[in-house]
Amino acid sequence: MKFSLSAWLDEALSHKRLWLLLFLLSVLTIYDIPTAELFHFGKWYVVGYLLGVGILKASIIVLLLSPLLKRRRLRPIAWVLVALYGMIGAINAVSASLYGFGITRKLMVVVAQTNPAEAVEFLPGLMSNLRSAALNPLTWCVLIALVVSFVFIKKIGRRCFTALMAVGSVIGCVFYISFAVSYDYGRTAGFMTMRIPKYALEVYRSERKLHELMDNLRPFPDSECVASEKLASNVIVVIGESASRQHLSLYGYHLPTSPRMDAMADSLFVFTNVIGSSSGTSANIERILTFKKDDLTSEDWYKYPLLIDLFKCAGYKCFWLSNQERSGLLANSSGAIASTADVVKYVGSENSEDFFSLRYDGALLPEVRSALADTAADKLIMVHLMGSHTVYRNRYPKEFEKFSAGDELRYNARPWLREETARIVAEYDNSILYTDYVVSDMIGMIAGNPEPSVLIYFSDHGENVYDDRDFMGREERFVEVPFVIYANAAYRRQCLNNVERMEKALDLPVSTANVIYSLMTLTGTSYVLYDEADDFMSDRFVPRKRYVDERIWSYEK
């Protein structure tokens, strides 16, 4: 049969109600994109994107389906495809509206890890949420508008309908192109035929890698040798990301990037000579969360006992609360190490590429409050921030956009800075500012607690953000990190010896790889692998050469 473009278009234009249905379903399939927390879009941009791209997708799909609809035998195939498209759109929109993420890697991981019993327990909550949405007056207004549209769309003339499809599709192209130019990720997420198989394959690969790491975990050795005085009932360990000490005003930076910690500086133990053991996240975490030291180069991390297992044996209920990935391209082993905690919660993406599930670190604050309210007598709460991970502008909400390129150029005596690079430095400083807010809020949670409580905050490593030349990235030199301990009044009263030890240790050369020993002293925990020579709170601490990426760090002052 000879192909006729005009006949093809005529067939497509005859299905006005189908086009309207596909437009509605298309809006549902892209609802999570412009509304994602990662993107700072205004209300009108969101509306324009949903309408424009929705019209564009509906027009394309109705054109593709029209040959099937023209033949009676093939029509069932077309309607099955429409029904499948509708189901996918509904899942995407409902999940995004109720839980903050649509069809993403995170959703796929949640579904894969949910057993039938958990699904049954989940359904009542889902039905309650849907019932609440159904009772919302706005929902009824939308439904009435849809019914009216379905009734009257048949009365729209051919020219008017053609113009609507054409103009709307052009607007949709403009919005899609503007989005693609503004962001170098998520460009294919609007196409479910690409999104679903791509995400499914990535989840399969990352889950397999994670389980390979978890298979290497070993039982905690000599658990009967662990004892603890439990000097602190609540221990919060906040691990930051990519925060350089020299970018905090707490350490003398030229812009007020840590105003909240600055204001409470008299109540903090601010350590001035702490470095990470690597310029990357994974190698740092493998030492922070195990007994592996910075100068050990021959053994894999899983051959060493885990920090979380130590405190579980000591009688602490252990929480792992993270805004970083559990698995994925970063492939850090924290997901496997943290899996032994009593409570494991990932508030953001399951994977570093899961852009539409990304959350600001503030999403961890309710989880920390919930952990502190837990009925367990003694708790270790590990908090892993996204901090200042690139891309910096994605790490803070718009209200924390305080510093600008002009501020950096005005107050920063770096001749290699130009407008573009100064903007990146400003975004980095804004991310530091937001971390200051998050950490300070956690300090406030335990400040008035009648139980002895401590919080430790440090970053895994630093970052060179045009600090010494026209270069941005991770380097061995830039591993100097903020390291702050807060002890509430109850702890200070009951643990005067430890308070005095911290005051004496503020300028000692410390590696975050050995923080496990100081945590033991802070909590009065003992174990056969404790090394007082590497515990900066010990009277027998021995300053030594520190290692970064398994080499002696050559930047000692």
Side-chain angles (χ1 to χ4, degrees), residues 237-248 250-251 253 257-258 270-290 292-297 301 307 322-325 328-335 337-338 352 361 382-392 394-395 424-425 427-429 431-432 434-436 438-439 456-469 471-485 509-516 518 534 536 545-557:
V237 180
V238 184
I239 304 174
E241 170 67 52
S242 303
S244 289
R245 183 170 69 224
Q246 55 265 41
H247 275 262
L248 274 75
L250 186 65
Y251 288 91
Y253 190 58
T257 54
S258 54
V270 181
F271 292 78
T272 63
N273 193 9
V274 181
I275 66 171
S277 60
S278 173
S279 56
T281 297
S282 183
N284 272 299
I285 292 295
E286 289 170 4
R287 288 181 167 87
I288 292 168
L289 299 181
T290 73
K292 184 176 182 178
K293 298 183 180 182
D294 61 332
D295 58 347
L296 293 174
T297 61
W301 62 267
L307 181 154
S322 177
N323 194 30
Q324 290 218 11
E325 64 175 7
L329 293 183
L330 296 182
N332 64 56
S333 43
S334 63
I337 298 173
S352 61
D361 286 333
M382 307 291 297
V383 184
H384 198 188
L385 304 179
M386 187 62 83
S388 300
H389 195 287
T390 55
V391 175
Y392 310 131
N394 295 337
R395 305 304 164 216
I424 295 174
V425 177
E427 291 169 352
Y428 182 75
D429 287 345
S431 71
I432 298 289
Y434 186 56
T435 297
D436 172 66
V438 173
V439 173
I456 302 176
Y457 162 67
F458 57 90
S459 184
D460 54 356
H461 57 80
E463 196 114 331
N464 185 356
V465 190
Y466 305 103
D467 288 301
D468 65 345
R469 65 190 190 281
F471 174 82
M472 183 188 79
R474 298 175 183 178
E475 291 184 308
E476 180 183 325
R477 177 179 176 181
F478 287 85
V479 292
E480 296 176 307
V481 296
F483 193 101
V484 175
I485 298 179
V510 176
S511 170
T512 59
N514 299 325
V515 72
I516 192 169
S518 302
D534 279 318
F536 64 81
K545 293 288 185 180
R546 292 173 288 182
Y547 284 63
V548 173
D549 291 324
E550 302 182 346
R551 297 185 299 272
I552 292 177
W553 194 53
S554 57
Y555 298 96
E556 294 282 1
K557 297 176 181 177

Could I get the full list of side-chain hydrogen bond (donor to acceptor under 3.5 Å, both in side chains) partners for Thr512, not counting sequence neighbours? none
Test side-chain contact (heavy atoms from CB on, under 4.5 Å) applied to Leu289 - qualifying residues, sequence neighbours left out: Ile239, Ile285, Trp320, Ile337, Met382
Who passes ring pair (Phe, Tyr, Trp, His ring centres under 6.0 Å) against Tyr457, sequence neighbours left out? none
Interatomic distance, Arg477 atom CZ to Ile275 atom CD1 [nearest 0.5 angstrom]: 13.0 Å
Would you sort out whether Leu250 and Val484 count as a side-chain contact (heavy atoms from CB on, under 4.5 Å), showing the intermediate values? CA-CA 10 Å; Leu250 186 65; Val484 175; 3.8 Å; yes
Those residues that, when tested against Glu241, pass side-chain hydrogen bond (donor to acceptor under 3.5 Å, both in side chains) (two or more places apart): Thr281, Gln324, His461, Arg474
Closest approach of Ser279 to Val548 (non-hydrogen atoms, all atoms of both residues): N-CG1, 4.3 Å
Looking at residues at least two apart in the chain, or sitting in another chain, which of them share a side-chain hydrogen bond (donor to acceptor under 3.5 Å, both in side chains) with Ser459? none
Can you name the side-chain contact (heavy atoms from CB on, under 4.5 Å) partners of Ser278, sequence neighbours left out? Ala283, Asn284, Asp549
Could you tell me whether a side-chain N or O of Asp295 sits under 3.5 Å from a main-chain N or O of Glu550, the two making a donor and an acceptor? no
Ring pair (Phe, Tyr, Trp, His ring centres under 6.0 Å) against Phe478, all qualifying residues, sequence neighbours excluded: none
Nearest heavy-atom approach of Gln246 to Tyr253 is O-CD1, 2.9 Å
Kindly compute the distance separating CG (Asp429) from CG (Asp436), expressed to the nearest 0.5 Å. 12.0 Å
Using distance alone, with no hydrogens and no angle criterion, decide if Ser431 and Glu427 have a side-chain donor and acceptor under 3.5 Å apart. no
Of all residues at least two apart in sequence or in a different chain, which pass the side-chain hydrogen bond (donor to acceptor under 3.5 Å, both in side chains) check with Thr435? none
Do the rings of Phe483 and Phe458 sit parallel, tilted or perpendicular, given the 30° and 60° boundaries? parallel
Classify the side-chain pair Arg395/Asn323 by whether it contains a donor and acceptor separated by less than 3.5 Å. no
Output all residues satisfying side-chain contact (heavy atoms from CB on, under 4.5 Å) with Ala513, sequence neighbours left out; order by chain, then residue number. Ser277, Arg287, Asp294, Ser511
To the nearest 0.5 angstrom, please state how far the OG atom of Ser258 sits from the CD1 atom of Ile432. 8.5 Å
CG/Asn394 to OG/Ser388 distance, rounded to the nearest 0.5 angstrom? 12.0 Å
Before you tell me yes or no, could you show the steps for Val465 and Tyr392 under side-chain contact (heavy atoms from CB on, under 4.5 Å), namely the whole-Å CA-CA distance, both residues' side-chain angles and the distance that decides it to 0.1 Å? CA-CA 11 Å; Val465 190; Tyr392 310 131; 3.7 Å; yes
Any chance you could measure Tyr547, atom OH, to Trp553, atom CH2, to the nearest 0.5 Å? 14.5 Å
Ring pair (Phe, Tyr, Trp, His ring centres under 6.0 Å) with Tyr251: which residues, sequence neighbours excluded? none
Rounded distance (nearest 0.5 Å) linking atom CG of Asn273 with atom CZ of Arg245: 6.0 Å
What residues form a side-chain contact (heavy atoms from CB on, under 4.5 Å) with Val510, not counting sequence neighbours? Val274, Leu508, Phe536
Asp467 meets the salt bridge (charged side-chain N to carboxylate O under 4.0 Å, His left out) criterion, sequence neighbours left out, with Arg414
Check: Glu463 main-chain N/O paired with Ser242 side-chain donor or acceptor under 3.5 Å: no
